[in-house]
Structure formats: C-alpha cells, structure tokens
Protein chains: 2
Amino acid sequence: MAEKNLSIFPVGQENTIAGQYFIGQSYLAVLTLDQVPTFNVTFEPACRNNWHIHHAEQGGGQMLICVAGRGWYQAWGEEPRELHPGDVVNIPAGVKHWHGAAKDSWFQHIALEVPGEDCKVEWLEPVTDEEYNKLS
Amino acid sequence: MAEKNLSIFPVGQENTIAGQYFIGQSYLAVLTLDQVPTFNVTFEPACRNNWHIHHAEQGGGQMLICVAGRGWYQAWGEEPRELHPGDVVNIPAGVKHWHGAAKDSWFQHIALEVPGEDCKVEWLEPVTDEEYNKLS
C-alpha cells in the first residue's frame, strides 16, 4: 500500500492503466477528466516508468507538478533532473523521457495531459538498472 | 506580506496583473508559461476577485487546484462551493464566477489557463459585502 498523507491529494488505486510500463508499484488518482485531464501519480521508492513519448500532431505533451517526496525526470540525451515538491516539468510532445521516484523516497506528482490533436503515448524500453543506479 | 510556507509553492509578488479586480490583497507566482500557463494565487483572508468570465471561441476557461487554506468558488446562479486543499474546480469558458478566501483564512490555489482560441477575461462587478458576508 502507498503511504497515506503524502500530500493533500489522494493516492488512488494501483496503476492498472499504465502500470505494465512501470518498474515497481505506482498508484493513480483521477483529479479531473474535464478540460485538462489531471491525475495524481504516486511512485514507491525506486519505481519509475519506461522511456516514453507523448506524440501529438499539434499541442499535446505532459506537465508534471511535483507535490511530495523526491524523484527524477530525464529527457533523452540530457542529464537527469532531480525533482522536489513545487517543481514543474514541461514535457513537450515528441520528447522521449522517463520519470519516477528516487531510490530511497516515495514520490508524487500531478500529471496534466496537455490538450492537442491526435495525442497518443508510445511506451518504449525500461530505464535500465545501470542507468537508474547512477542516480542518488 | 503573505504568510510564508502556506504550501510547497511560492507566493510570488503582489498581484499587479489583475489585482485591481480583487477586493483585498492577492499574490501571484508564475509556475510556468509553457504549454498550460500555470500560476499560484494567494488570497489574504476575505480577499476575493470580482465576478468575471473567461471567454473563448473554443476550449479555454480555467482550472483551480486548491493547495492551502480555505476559500470559496461561486458560479452565477449557483450555490457557493467551499474549497479545501486538494479540491479541483473546472470553470468552463463563458461561466460568470468568482473565487477567493474565506473571511478568516488565507487561501491558495494553482490556476491553470486552459488553452483555447481567442481567450480573454471579462472583469465584471465586485462580489458585494452583502453576498460575501453570508458565507461562513
């Protein structure tokens, strides 16, 4: 079970929507499906999602608003960025990336699905232990 | 000055962008201007904005994600809705409404400007003391 009261937002249920593309356990709570669909995503320590791309013909992509714990975001070919509560990450459509918790910390972020045309997610290979274990 | 550490998000500066349409002092922090422009808005106790409408030809409107304190949202012709941390408010384009703090509490919400075509805000009359003072 996810730790309770990580933040003011609900943890929700085990992530059965995209959980097969995560290493470790994640949880998903729908905050709203209207306007800009908004979810709260909780990662147990060391949980991260696979490399993936938000494709869109126009607009699209994702925004993360970090609300609890400590985590990481990495865009392909760039240095990993350590994430803390209050941080905002802009992920434009077309950018290959992953995000998840630090090894020793739960992590929680709100995820906003930026409106666009013909939006779809392409799930790719996992972040290897070799890559992930370089992170503190 | 706004109280520090109301939440994990910055309070920012006195709201000089729309402050003239508020009763009481409000503060504004830009979280991001990319993708979905996102701000943190802080209201001192009893501070509220005037009735206003987010106009758009398509899409548009605003979303509020409440992060600290206690406040109110009211759509024209509807009962006021009391707001607490973790609450999300969907405000479609074209809906006349106001939002702000409770009398005895600071209030803070993230505001998301939902993308749309020909978006503009129409500021209207203040929420009268008679209306506001009915709220607890």
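Worth saying up front: this structure is predicted, and the values here are computed from it rather than measured. Chain identifiers are assigned alphabetically (A, B, ...) following the order of the sequence lines, protein sequences preceding nucleic acid strands; residue numbering begins at 1 within each chain.
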query = Is it the side chain or the backbone of B:L112 that comes within 4.5 Å of chain A heavy atoms, both, or neither?
reply = side chain
key: chain A contact via B:I91 - side chain, backbone, both or neither, heavy atoms under 4.5 Å   = backbone
task = Over all heavy atoms of both residues, which pair between B:A101 and B:P45 is shortest? Give the atoms and the distance, please.
result = CB-CA, 4.2 Å
message = Could you tell me if A:Q74 and A:E79 have a donor-acceptor pair between their side chains, going purely by distance under 3.5 Å?
response = no
note = So, the part of A:V88 with a heavy atom under 4.5 Å from chain B: the answer is side chain
query = Is A:K103 atom NZ crowded by more than 12 heavy atoms from other residues, nucleotides or ligands, each under 6.0 Å away?
reply = yes
message = For chain A, which candidate among B:D34, B:T38, B:I65, B:N40 shows the most heavy-atom pairs at distances under 4.5 Å?
response = B:D34
query = Is the A:F43 to A:H109 ring centre distance short of 6.0 Å?
reply = yes
